[in-house]
Amino acid sequence: MRWLASLPLLALALPPLAAQPDPAELFEKKLRPLLAAKCQGCHGPAVQMAGLNLATGAGLAPHITAGDPAASPLYRALLYADKVKMPPAGKLPDSDLALFKSWIEQGAAWPAAPPQPTASAATNAEPHWAFAPLANPEPPPVKQQSWVHTPIDRFVLAALEAKGLAPAAPAAKLALLRRVTFDLTGLPPTLPELEAFLADPSPHAYDKVIDRLLASPRYGERWGRHWLDVARLADSTGMDEDNLYPHAWRYRDYVVAAFNQDTPFDRFIHEQLAGDLLPAASPAARARQLTATGFLALGPRALAQQDRLQAVYDIVDEQIDTVSKVFLGLTVSCARCHDHKFDPISTKDYYSLASIFASTRQFRNYGRPGSISFMHYEPLDAAAHARYELHRRQMYSKLLEMEDALSEDLGRETAPLRQKVAAAVEAAWRVLHENASLDDAAARHGLDSKHLAKWVAWGKTAKSTPFANATAATIAEVAAAYAKQYNASATKWDKSLDDWRTRLAKEIAQDRTLPERPKPNAEEHPFFVQTTFNGGPMDVPESPRVRLLRQEWEQWKKALPEEPAMVSAVVDGPSVDQRVFVRGNLYNPGEPVAKAFPAVLAGAHQPAIKQGSGRLELAQWLTSHDNPLTARVLVNRVWLWHFGEALVRTPANWGRKGEPPTNPALLDYLARQFTANGWSLKALHRLILRSNAYRMSTLASPAARGADPGNRLLSRFPRTRLSIEQIRDSFLALDGSLDPAMGGSLLTTVGGKRQKVDADEVTRRTLYLPVRRGSIPPLLATFDFGDATTPGEARARTNVAPQALFIRNSKFVMDRSLGLANRLLTDVALPTDSKRVERAYLLTLTRPPDSTEVDEALSYIAELEKRLAQSATPEPRRTAWQSFCHTLLSSNEFLY
């Protein structure tokens with residue numbers, strides 16, 4: 001590399017490879033159910049008002065202009081933009097409108113009609129390779145025996161030799177160290193690690209590096225992030241309210257720890273799907289297992305959905321979609337409204353799974369009508385939480401007792417006073433304007449002198465009011481008007497307090513958000529507020545009984561312990577007797593279904609799930625020898641995360657619309673080895689990383705590139721850009737500012753409000769940055785992080801201008817470049833600038849520069865320092881070195 005020519009070519013290197021959602025899947029999963037639920041009751045096969053049938057593409061076509069929502073009469077009707085407004089009962093939510101808009105923009109494709117419900121796709125399907133039992137292939141013979149280091153090499157080499165090709169040469173020693181270190185830890189190798197590897201001439205030097213990296217806690221952070229993509233983890237619900245998941249970080253930390261501990265992957269699956277149902281050897285084990293079920297609990301949720309049944313089954317659908325894609329590589333949720341169009345998954349299969357997740361508790365409370373639903377959390381220490389809840393109930397019981405006593409006292413004390421408001425106003429006017437004595441006026445109007453004195457004090461402040469402008473002839477009428485106004489306001493106030501107390505008691509019992517006590521409205525009821533509160537004439541002091549109850553309430557509140565640690569988790573709810581929802585309509589139940597697994601995989605005759613949700617049985621079936629998919633799907637993901645491309649290049653779709661494996665025998669061999677080694681991920685890593693297939697150079701011969709342009713035969717190691725986590729974390733590591741702390745949450749609360757986290761100011765690993773589904777941090781979004789709403793099939797790989805502009809211009813990168821420059825300039829072990837240039841290359845690119853690169857770097861630094869000094873730039877030497885370091889960090893050689 002010539003660093004002077006290394007300006008960022010990020011935006012030019014490769015064409016965009018952003019993953020686009022499958023339009024057919026989008027239509028079947030989202031739009032067809034929406035049409036069925038919201039439109040086809042009036043415009044469907046049975047009823048066709050205005051001659052419109054929205055159950056067919058032909059019926060809809062005249063009302064859609066493909067690619068142009070604004071010109072589509074149907075979309076304009078949904079927007080309520082014209083005279084015709086649909087549906088007439090009320091405008092669709094913005095999320096539904098956005099779905100219609102996106103569909104029309106993509107061409108408004110209407111897939112072929114689905115199979116009839118009576119034609120079971122599961123029984124009429126042709127055999128498909130993914131559903132066949134795992135084969136047990138022997139590593140094939142090869143000609144170039146010397147290239148084989150592990151059995152993986154035989155499978156790769158045999159495929160190459162069949163095409164008359166040879167594998168690429170081995171990667172250079174330092175290039176391999178950089179590759180495997182970034183791969184397993186997400187960080188560049190340190191200088192001591194680099195020096196130790198170079199100094200070790202033994203044939204096992206590389207194996208020792210693998211063992212060291214797998215034992216590093218940074219391994220769990222790197223590979224845990226891979227899994228969190230699949231688990232679509234985020235710190236908020238997304239969708240309508242985008243409420244925060246305050247405990248999401250616990251699931252993230254669980255995943256990191258599971259990878260570091262090499263938890264057997266079958267156990268890892270069991271804990272995530274049914275950790276609450278597994279026996280626990282200790283309270284700590286129970287807490288870990290509960291936390292693991294965050295896999296199901298932390299998906300996107302529409303908390304403001306007012307149709308609570310719809311809200312539940314939308315979550316059920318999302319969980320089916322996640323579980324089936326993650327562990328089976330199948331789009332099972334496409335069968336929500338009809339048998340799957342492409343794969344042997346029937347609606348009965350779908351609702352058999354739905355029965356399992358519908359029997360799982362999804363919400364703590366549905367909330368009042370018009371409000372949001374409440375998410376379900378589980379305590380990590382059940383006994384401590386029981387004590388907390390008991391204290392909390394007793395505390396609020398005391399609050400209700402105090403409020404009831406206050407209401408009784410106020411009613412008793414204020415009733416006679418309210419009857420004499422007119423007399424009090426008139427008497428106060430007589431004292432102020434006719435110089436009547438306080439006692440005489442009180443006696444004349446049947447008032448207490450002390451009470452009248454308060455009214456007189458009020459009257460002195462009532463300037464420019466009807467009271468101040470009254471005369472002897474009009475004061476009686478004015479006083480009567482004041483009394484009428486007061487009592488009307490008082491009636492409203494009493495009702496607001498009564499309603500509040502009723503609602504308060506109900507919300508306390510339901511464990512929902514408590515309503516705030518009503519506050520008097522001085523603008524709407526000025527006379528009432530002036531005279532009733534803050535020592536006004538109608539202000540009644542607290543009785544000794546209320547004062548004592550208030551003190552007790554304050555004591556209970558002060559003694560309330562901090563809420564014990566909670567976690568986003570699922571537990572079993574009431575068992576649901578599920579039926580097929582015809583055409584996906586919740587309110588059109590069809591035949592009953594039992595809890596079961598897809599018949600094409602588990603068979604038509606399965607043991608009955610007689611109690612509980614069935615999540616544990618689902619987890620056990622997923623990891624059983626009878627299921628051919630789970631192990632295959634998982635090793636395929638591991639291969640993807642090591643090589644940048646999977647053996648099955650559609651990792652979340654192994655159905656007929658997905659791609660077949662590039663090397664089927666290798667796929668089944670890896671799956672067999674994975675399960676035989678106790679589902680150990682670290683054992684699988686060692687098998688892959690020790691292979692010569694992994695240790696190849698990225699440079700291939702012209703013949704290999706011509707015959708294998710897509711590298712499906714693995715004729716060379718794929719060249720890929722670092723992920724945003726690797727880029728950002730490396731910048732922090734290289735300038736010495738990376739905070740190595742692990743776990744915990746960066747979300748803080750001040751005054752009850754969550755504080756925004758500035759990614760530029762945080763020096764923790766990128767893994768720990770909070771992610772809100774409704775607002776992905778711009779840094780992550782720029783570098784293809786994804787949307788955290790669906791299981792990540794694979795990160796998109798775009799190369800666009802904003803990425804290069806960020807690397808070149810952001811304050812974060814400039815600060816890191818300055819930090820690296822300071823590190824080089826202050827290191828006493830680097831006596832010359834030549835040594836500093838060499839060190840910069842080793843740290844950033846994991847290789848020493850050649851003599852030409854050193855000369856060019858020194859010339860650039862010297863010339864820039866001279867120009868900066870002439871322009872009176874402060875610290876020209878430091879700034880020149882910062883520019884040099886920035887160029888290295890911006891180079892394609894660093895980023896790829």
Side-chain angles (χ1 to χ4, degrees), residues 29 33 36-37 117 120-123 269-270 272-278 293 295-297 299 301 305 307-328 330-340 343-363 366 376 569-624 626-627 630:
K29 281 188 58 182
S120 172
T123 57
I269 294 171
H270 294 175
Q272 290 180 97
L273 295 184
D276 58 307
L277 303 175
L278 294 170
T293 65
F295 176 83
L296 293 175
R301 298 194 171 196
Q305 168 65 264
D307 185 332
R308 306 308 193 192
L309 186 62
Q310 183 73 46
V312 168
Y313 276 95
D314 281 349
I315 292 174
V316 167
D317 179 71
E318 195 277 333
Q319 291 171 337
I320 291 174
D321 187 51
T322 297
V323 170
S324 63
K325 284 180 176 177
V326 170
F327 300 115
L328 299 174
L330 297 176
T331 56
V332 171
S333 64
C334 287
R336 184 177 186 177
C337 301
H338 50 73
D339 289 350
H340 200 294
D343 299 328
I345 306 294
S346 67
T347 53
K348 186 175 181 180
D349 289 328
Y350 175 90
Y351 285 101
S352 292
L353 287 174
S355 178
I356 293 173
F357 294 109
S359 300
T360 299
R361 190 173 184 184
Q362 307 290 0
F363 294 105
Y366 291 125
H376 175 71
V570 299
V571 293
D572 271 6
S575 185
V576 171
D577 294 325
Q578 186 66 52
R579 290 177 175 270
V580 171
F581 294 146
V582 179
R583 300 170 67 86
N585 187 338
L586 307 177
Y587 303 103
N588 187 11
E591 64 173 316
V593 293
K595 296 179 175 70
F597 320 127
V600 69
L601 297 173
H605 304 289
Q606 303 175 31
I609 300 173
K610 297 181 179 180
Q611 62 182 17
S613 64
R615 284 182 289 113
L616 180 57
E617 290 83 350
L618 172 62
Q620 291 168 338
W621 170 75
L622 284 171
T623 56
S624 71
D626 297 330
N627 174 15
T630 303

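Keep in mind that what you see is a predicted model, and the values were worked out from it rather than measured.
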Just to verify, what does Phe581 make a ring pair (Phe, Tyr, Trp, His ring centres under 6.0 Å) with, not counting sequence neighbours?
Tyr313, Tyr351
Output all residues satisfying ring pair (Phe, Tyr, Trp, His ring centres under 6.0 Å) with Tyr350, sequence neighbours left out; order by chain, then residue number.
none
Distance-only polar pair, side chains of Asp349 and Ser352, donor-acceptor under 3.5 Å:
no
Quick one: are Leu296 and Val323 in side-chain contact, heavy atoms under 4.5 Å?
yes
State, with a plain yes or no, whether a side-chain heavy atom of Phe363 is found less than 4.5 Å away from one of Val312.
yes
For [X], enumerate each residue passing the side chain to side chain donor-acceptor pair (under 3.5 Å) test, keeping only those at least two apart in sequence or located in another chain.
X: Thr360; value: Arg615
X: Arg308; value: Ser373
X: Asp307; value: Tyr587
X: Gln319; value: Gln362

Looking at every heavy atom in both [X] and [Y], which two are closest together, and how far apart are they?
X: Arg579; Y: Pro592; answer: NH1-CD, 3.5 Å
X: Leu586; Y: Pro589; answer: O-CD, 4.4 Å
X: Ala358; Y: Val576; answer: O-CG2, 3.3 Å
X: Lys595; Y: Ser575; answer: NZ-OG, 2.9 Å
X: Asp276; Y: Val570; answer: CG-O, 3.4 Å
X: Gln578; Y: Ser355; answer: CB-CB, 3.4 Å

Enter the distance from [X]:[atom1] to [Y]:[atom2] here, rounded to the nearest 0.5 Å.
X: Leu622; Y: Ile269; atom1: CG; atom2: CD1; answer: 6.5 Å
X: Ile609; Y: Ile356; atom1: CD1; atom2: CD1; answer: 4.5 Å
X: Lys610; Y: Glu617; atom1: NZ; atom2: CD; answer: 11.5 Å
X: Ile320; Y: Ile345; atom1: CD1; atom2: CD1; answer: 11.0 Å
X: Lys325; Y: Leu330; atom1: NZ; atom2: CG; answer: 11.0 Å
X: Cys337; Y: Asn585; atom1: SG; atom2: CG; answer: 9.0 Å

Just wondering, more than 12 heavy atoms not from Asn588 lying within 6.0 Å of its CG?
yes
Are more than 12 heavy atoms, taken from residues, nucleotides or ligands other than Lys348, located less than 6.0 Å from that residue's NZ atom?
no
Partners of Ala569 by side chain to side chain contact (heavy atoms under 4.5 Å, CB included), sequence neighbours excluded?
Leu290, Thr293, Glu378, Val567
For Leu616, which residues count as a side chain to side chain contact (heavy atoms under 4.5 Å, CB included) partner, sequence neighbours excluded?
Ala274, Leu277, Leu278, Gln620
side-chain contact (heavy atoms from CB on, under 4.5 Å) between Leu328 and Thr630: does it pass, once the steps are laid out?
CA-CA 5 Å; Leu328 299 174; Thr630 303; 4.0 Å; yes
His340 side-chain N/O to Thr331 backbone N/O, donor-acceptor pair under 3.5 Å
yes
For Glu318, the salt bridge (charged side-chain N to carboxylate O under 4.0 Å, His left out) test, sequence neighbours excluded, returns Arg232
Hey, could you give me each pair passing salt bridge (charged side-chain N to carboxylate O under 4.0 Å, His left out) that has a residue in residues 350-362? Not counting sequence neighbours.
none
Aromatic contact, Phe597 with Phe327 (centres under 6.0 Å):
no
